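In what follows, a single structure is set out as structure tokens and then discussed.
Source: prediction; values computed, not measured.
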Amino acid sequence: MVQGPESHAGARQEYERELAEFAERCREFAQNEGVPAALSHSESGARQWISDELSRRAQRLAVAARAENSAWLALVGRWTMRGSWILGGLVVVVDLATLPVSGSWTLPHTAVLLAFAALAALVSGLSLVHSEVGGVLCFMVGADGRLSPAKALGLLWGAALSTALVYFAVADFAAGTSTERSDISAAISHPRWEYLALLIAPIVVSIVTNAVAAARMRRRAVPYLPGQRAQLRDLALDETGVGSVASAVWLPSYLAAVLFLIAGLAKNPYELPQLPAIVVWISLAAAVLYAAVRLIESRQPVLVSVVRVRPAGGLDGPIRQGDEIEIRGLGFVPPAAAEPDQLARIVVKLGPIHIHVPLVPGAEGGFSNPTDSSVTVPIPYDVDPGPWTVRVVTAAGLETDDYPLDIAAAED
């Protein structure tokens, strides 16, 4: 069942309501408000109650976010279908605007209209079949829900090349003279290696990078956090939100190739244009660079050190039973795991004991614990003194290496 704009608006309002309530509770807890009076005398008990309350509300917020995202995808599917026909309408306007130049309605005018009509029909069919997952958008997203530059560029060039071939097929079928037919046949009979190379490159990159990523996930070497929302900025930014040089070169070069294809057909509608060699080589080099970056990058969490948290007014000393420890490192919160429900899934392993990391709201918004570089947890009172090992398990399921830790007996 296809959802309309009203469904998305309702889901969006519900999500914003849950988000506002969650932010308000975080603000109250950060100002030491809203804690039951029975727990106010126990700092550790109050902190645990706050963490449990925020975890529960975070799950509600995650449910609302998923519902809103599903409604948004359905809306995108509808607008994708409409956009394809709007593009066809623009082609009609351009065709009519060029009539004074050509002097009459010619065969290329008819062929280009039918070619874009075929493209719009294909996009509409795919959008109807996959309307609940964003229409043609589902062919451009990766396993993590982000737009994949390789898939998006492959689909872009494939759509442009297919539209051009349909144009020549229609022109060949509708040609009224043998001269026109021979010109069209000559235009598509000469192989253009650059067209095939630009089509194969993103497909190969997508297959290779996905296969390597799947192998790394099986070895627990890279995080896997599906459910992110696809955005146009995904084409130029990596998972951390930092600009990708390879994508910044790859995307404009493919757009330039599409523009040269359109401009060449506009100049000579009876010949498949030859693309500039510089555009082709930059596109292929950017594809190789993008694949290389994806293959060599590593995002495993690293545990650097563990220190005792000294309470206010307390004395320095070794780590004892009941103390809090701060685990310092990097990569504890992957870019895709910054949502509250994901933060609540971070666990510290103290030997065989699993300690869930408490959520601590920050005074200026967000959370002061856990963060990407530090995690603070209490040592249970009932652990035995002696040597232990500590490791952090992120929301993505990745684990750091073991870190040795000596726990001293609690003072009487």
Side-chain angles (χ1 to χ4, degrees), residues 25-26 29-30 32 35-36 39-59 220 223 225 300-334 337-363 365-411:
R25 292 297 282 172
C26 287
F29 293 149
N32 297 321
V35 180
L39 297 173
S40 59
H41 66 282
S42 173
E43 182 180 351
S44 60
R47 182 170 54 245
Q48 185 61 51
W49 184 88
I50 289 174
S51 179
D52 293 341
E53 175 68 10
L54 291 179
S55 298
R56 183 181 64 83
R57 288 184 172 272
Q59 293 300 325
R220 295 183 299 176
L225 285 166
Q300 282 191 291
V302 178
L303 196 161
V304 178
S305 61
V306 178
V307 298
R308 174 178 175 266
V309 177
R310 187 180 66 178
L315 300 176
D316 293 327
I319 297 175
R320 303 180 185 275
Q321 299 158 310
D323 284 346
E324 284 191 343
I325 57 173
E326 180 185 355
I327 303 171
R328 299 173 181 174
L330 189 64
F332 298 149
V333 181
E339 296 299 323
D341 63 304
Q342 299 287 354
L343 294 178
R345 298 174 59 189
I346 300 178
V347 173
V348 171
K349 286 185 177 180
L350 180 63
I353 303 174
H354 292 201
I355 306 173
H356 287 268
V357 178
L359 296 180
V360 179
F367 293 90
S368 60
N369 185 59
T371 67
D372 188 63
S373 58
S374 70
V375 170
T376 301
V377 294
I379 298 293
Y381 284 97
D382 55 353
V383 301
D384 295 328
W388 290 79
T389 59
V390 176
R391 65 169 54 189
V392 177
V393 183
T394 69
L398 299 185
E399 299 185 13
T400 64
D401 294 331
D402 285 334
Y403 187 91
L405 178 67
D406 289 323
I407 299 179
E411 296 179 332

Polar contact flag, side-chain donor to acceptor under 3.5 angstrom, R56-Q59: no
Check whether S55 reaches the backbone of S51 with its side chain - one donor and one acceptor, N or O, closer than 3.5 Å. yes
With sequence neighbours left out, which residue pairs that include part of residues 309-318 fulfil the salt bridge (Lys or Arg N to Asp or Glu O under 4.0 Å) condition? R310-D316
Closest heavy-atom pair, F332 versus S374, reported as atoms and distance to 0.1 Å, is CD1-N, 3.8 Å
Under the rule for salt bridge (Lys or Arg N to Asp or Glu O under 4.0 Å), what residues qualify as partners of D341, not counting sequence neighbours? none
Minimum-distance pair of heavy atoms, taken over all atoms of P358 and N369: O-ND2, 2.9 Å
Which pair of non-hydrogen atoms, one from G362 and one from A30, has the smallest distance, and what is that distance? O-CB, 3.5 Å
Roughly how far, to the nearest 0.5 Å, is the CD atom of E53 from the CD atom of Q48? 12.5 Å
Nearest heavy-atom pair of T394 and G331: which atoms, and what distance? CG2-O, 3.8 Å
So how far is it from I319 CD1 to L405 CG, rounded to the nearest 0.5 Å? 4.5 Å
Single hit among T400, D402, V348 for side-chain contact (heavy atoms from CB on, under 4.5 Å) with L303: T400
What pair of heavy atoms forms the shortest contact from P361 to F29, and how long is it? CG-CB, 3.7 Å
To the nearest 0.5 Å, how far apart are CD in E339 and CG in L343? 8.0 Å
Should T371 and V333 count as side-chain neighbours, where that means a heavy-atom distance under 4.5 Å? no
Partners of V307 by side chain to side chain contact (heavy atoms under 4.5 Å, CB included), sequence neighbours excluded? E326, R328
Atom CG of D52 with >12 non-hydrogen neighbours under 6.0 angstrom: yes
Going from CD1 on I325 to OG1 on T376, what distance comes out if it is rounded to the nearest 0.5 angstrom? 8.5 Å
So how far is it from Q300 CD to D401 CG, rounded to the nearest 0.5 Å? 7.5 Å
Mind checking whether D406 and P318 have side chains closer than 4.5 Å, heavy atoms only? no
Please give me the minimum heavy-atom distance between P370 and L359, naming the atom from each residue. CD-CD2, 3.8 Å
Are the side chains of V392 and I346 in touch, meaning some heavy atoms are under 4.5 Å apart? yes
How about I327 and Y403: do any of their side-chain heavy atoms sit closer than 4.5 Å? no
4.5 Å side-chain heavy-atom contact, L350 and I407: yes
